[in-house]
2 protein chains.
Amino acid sequence: MPRNALWKSIAQSLTGDIASGRYGPGDKLPTEAEMAARFGVNRHTVRRALQDMSEKGLVHTRRGSGAFVASKPTDYPIGRRVRFHQNLRAAGRMPAKEVLAVETRSADAREADALALEPGAAVHVYEGLSLADGQPIALFRSVFPADRLPGLPEALRAHKSVTRALEMCGVHDYTRQSTRLTAKLASPTQALLLRISDGAPILRTISVSLAPDNRPVEYGHTWFAGDRVTLTVEP
Amino acid sequence: MPRNALWKSIAQSLTGDIASGRYGPGDKLPTEAEMAARFGVNRHTVRRALQDMSEKGLVHTRRGSGAFVASKPTDYPIGRRVRFHQNLRAAGRMPAKEVLAVETRSADAREADALALEPGAAVHVYEGLSLADGQPIALFRSVFPADRLPGLPEALRAHKSVTRALEMCGVHDYTRQSTRLTAKLASPTQALLLRISDGAPILRTISVSLAPDNRPVEYGHTWFAGDRVTLTVEP
DNA sequence: CCTCATTTGTGCGTATGTATC
DNA sequence: AGATACATACGCACAAATGAG
């Protein structure tokens, strides 16, 4: 009798293939039927192994398409200064941002509270996707007070970088006041954008950043692909 | 046809029963066979629902025994000051600690490096279990430099609280220098102690705390039951 | 200490639905 | 539109752990 469950051995074998580079990030694994034949087990047993690996973030599956190797985790520091580009460059990775939306609207109660604004005040909203080496790392939504930052939308569209755009608007520095960490599950939309499995673990952070005058300038939500990121806290 | 998968409906139904208080923390759910009969589905379908809920941390199962409702999540702040008792009291919960081991031995390379000691220097090691309202929250292992804290083991055995024990040894304050966050899977031993499922998600933190003279006094590992804790970062 | 019914864990076979290509 | 591939669901059988007696 297998001391370990059969599906665990298969998961271990496939994990080894990924670790050894036999299958690289983005590669498609053989079909379940093929693997079942290769390992000499029922297709359900292969599925159980793939499910386990999917939960651990090693692969993700798409119905009708196949199972694909996920990308490697990325270290990501959370501290007083959170700078996406700097952080990833320091880690030797190629950062990029994809703009999903830049708009101006009135703040909801939560946003107004976080930014110390009157309810209904105008805010700029910046939504996008952060990538490293072409792999999606995180979804973000940043909310800024519009009255103090009139030219921000144009600056964001021009540079994508929050740090640079704020600088163009006269905010030459900003530090993080607080970060709240919660584990969530990916919604279908999030999973699609982050290229992970539906229901995969998501690390959600909610943060408030302050300008040098100690007034809040950014209220941010970030949804990290849980298995691609390790957060480090340096107060 | 059910637009949603059958097992999802069942998971939703059971989740509702838990949310409404029909099943409380620690309660045993009906057996898989019973639920299969009650819902009019195959036992596998109930199992798929329970598996989903187990992944989300709502229940945990024990072979030969049954499925049990897990306890509620706990907020837990990580910042300059990490004080277990104070934190939980502020959250209106009853803190407790269970001592697993207090010993003195020589430091390994990693510990010596973190505490700025010579390799092989003597360290006190404190291992235990943190509980809130009787529910296990975290496993911890704290390592202290023995030369500067001769009476620490006795103080720890007397008070359990790290804050108090350090105070008795002349360290009247300490602040956290750094925290690293990683997601892990529970080992069988950890799962048993934390009363979670084997392989459940664990939030592991590795931290270094400094005394007022800026010398490191504590090198800590903490394994949080991932589904019972939310971490908040306040630099 | 051992036995034994109960309960969860694993695995196979089969069938059908549904998204993708 | 058709073939392919993953997703869901049922039924059966046995293994392994638990817990009562």
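We use all heavy atoms of the structure for the numbers below, so side chains are in, but hydrogens, waters and symmetry mates are not. Protein chains get the first letters and strands the later ones, always in sequence-line order, with residue 1 at the start of each.
The side chain of A:Thr45 lies closest to C:dG11 when the candidates are D:dG11, C:dG9, C:dG11. The listed nucleotides are D:dG11, D:dA7, C:dG9; the one nearest the side chain of A:Thr61 is D:dA7.
Contact annotation: B:Asn42 reaches the phosphate of D:dG11 (side-chain N/O to OP1 or OP2, under 4.0 Å). In this model, the phosphate group of D:dA9 is not approached by any side-chain N or O of B:Arg48 to a distance below 4.0 Å at OP1 or OP2.
Here the side chains of A:Leu50 and A:Leu29 are in contact, with some heavy-atom distance below 4.5 Å. Counting heavy atoms from C-beta outward, A:Asn42 and A:Trp7 have side chains that stay 4.5 Å or more apart.
One atom, CZ of A:Arg47, and another, P of C:dG9, lie 19 Å apart when rounded to the nearest Å. If you take CD1 of B:Ile10 and P of D:dC10, they are 8 Å apart, rounded to a whole angstrom. Between the P atom of C:dT8 and the NE2 atom of B:His60 lies a distance of 13 Å, rounded to the nearest Å. Atom C1' of nucleotide C:dT10 and atom NE2 of A:His44 are separated by 12 Å, given to the nearest angstrom. The CG-P distance, from B:Leu29 to C:dT6, rounds to 20 Å in whole Å. Atom pair B:Trp7:CH2 and D:dC10:C1' shows a separation of 17 Å (rounding to whole Å applied). Taking atom CZ on A:Arg43 and atom C1' on C:dA15, their separation rounds to 11 Å, with Å as the unit. Following rounding to the nearest Å, B:Lys28 (NZ) and C:dT7 (P) show an atom-to-atom distance of 6 Å.
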message: Please determine whether side-chain contact (heavy atoms from CB on, under 4.5 Å) holds for the pair A:Thr222 and A:Leu139, giving the CA-CA distance in whole Å, both sets of side-chain angles, and the decisive distance to 0.1 Å.
response: CA-CA 6 Å; A:Thr222 307; A:Leu139 276 164; over 6 Å; no

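No side-chain donor-acceptor contact under 3.5 Å links B:Asp52 to the backbone of B:Ala49. Formation of a donor-acceptor pair under 3.5 Å by the A:Ser13 side chain with backbone atoms of A:Ser9 is not found in this model. A distance-only check finds a donor-acceptor pair linking the side chain of A:Lys160 to the backbone of A:Lys97 [under 3.5 Å].
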Using a cut-off of under 3.5 Å, enumerate the N/O to N/O pairs linking the protein to nucleotides 17-20 of chain D.
unit_1: D:dG19; atom_1: OP1; unit_2: B:Arg62; atom_2: NH2; d: 3.0

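Among the candidates B:Trp223, B:Tyr126, B:Tyr219, the single residue satisfying the ring-ring contact (aromatic ring centres under 6.0 Å, His included) test with B:Phe140 is B:Tyr126.
A heavy-atom distance below 4.0 Å to DNA chain D is reached by these residues of residues 30-40 of chain A, ordered by number: A:Thr31, A:Glu32.
The two residues B:Arg22 and B:Asp27 come nearest to each other via the heavy atoms O-OD2, 4.5 Å.
Counted within 6.0 Å of CZ on B:Arg164, heavy atoms from surrounding residues, nucleotides or ligands total 12 or fewer; the atom is thus considered open. At most 12 heavy atoms of other shown residues, nucleotides or ligands fall within 6.0 angstrom of atom CD in B:Gln12.
A salt bridge links B:Glu111 with B:Arg105: at least one charged nitrogen is closer than 4.0 Å to a carboxylate oxygen.
For the residue pair B:His124 and B:Thr104, a side-chain donor N or O sits within less than 3.5 Å of a side-chain acceptor on the partner.
With the 3.5 Å cutoff on both pairing distances, Watson-Crick and G-U pairs in DNA chain C assemble into runs of at least 3 at C:2-21 with D:2-21.
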